[in-house]
J.: 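Got a structure for you, written out below as structure tokens; questions coming shortly.
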Amino acid sequence: MGSSDVFSIILALLGTVGVIVLTYYGSRWYIERFLKRSGSISGEHHMQVVERLIVGKSGSIIIVDIQGVQYLVGVTEHNIQILSQLEEPISFQKKQEISKESFLSMVKSFSQKEKQNE
């Protein structure tokens, strides 16, 4: 192997590293400039999932807060459906503070209210 072969390998390696570095900084610039300003990188400005309970392989029940109004939403692989608007919104808590028992008791009280309304 001659010195020109070693030089071309080193040049190709430096070019590859340069493309990776430029891609990294270009993507960071794009995220900073466009996505964070418009708020489209994070939906936490207007909508937030308060709690999620998985009820099967492909189904779950979610409490979603949309600008202060909370909804109970059923989600499957093929369908998303608003089950009800919560009359008494639950407070936002850190994930560690929310227990499964409190969420299950809220769902049970919701089902009891539905039975009473029928």
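None of these values were measured; they are calculated from a predicted model.
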J.: Hey, can you pull the donor-acceptor pairs under 3.5 Å for the side chains in residues 10-23, sequence neighbours left out?
T.:
unit_1: T16; atom_1: OG1; unit_2: A12; atom_2: O; d: 2.9
unit_1: T23; atom_1: OG1; unit_2: V19; atom_2: O; d: 2.7

J.: With sequence neighbours excluded, tell me which residues meet side-chain hydrogen bond (donor to acceptor under 3.5 Å, both in side chains) with Y24.
T.: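 By the side-chain hydrogen bond (donor to acceptor under 3.5 Å, both in side chains) rule, Y24 matches R28.
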J.: Yes or no on side-chain contact (heavy atoms from CB on, under 4.5 Å) for Q81 and V73, after CA distance, side-chain angles and deciding distance?
T.: CA-CA 6 Å; Q81 184 175 7; V73 179; over 6 Å; no
J.: Report yes if the side chains of V64 and M47 come closer than 4.5 Å at any heavy-atom pair, otherwise no.
T.: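 The answer is yes; the side chains approach within 4.5 Å.
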J.: Distance from Q70 atom CD to E87 atom CD, nearest 0.5 Å?
T.: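 Result: 12.5 Å between the selected atoms.
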J.: Please tabulate, for the side chains in residues 53-63, all donor-acceptor contacts under 3.5 angstrom to protein atoms that are two or more places apart in sequence or on a different chain.
T.:
unit_1: S60; atom_1: OG; unit_2: R52; atom_2: NH2; d: 3.4

J.: So, do Y71 and L86 sit near enough that their side-chain heavy atoms are less than 4.5 Å apart?
T.: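 Contact flag for Y71/L86 side chains = no.
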J.: State the CD-CD1 distance between E51 and I90, to the nearest 0.5 angstrom.
T.: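 So the CD of E51 and the CD1 of I90 are separated by 7.0 Å.
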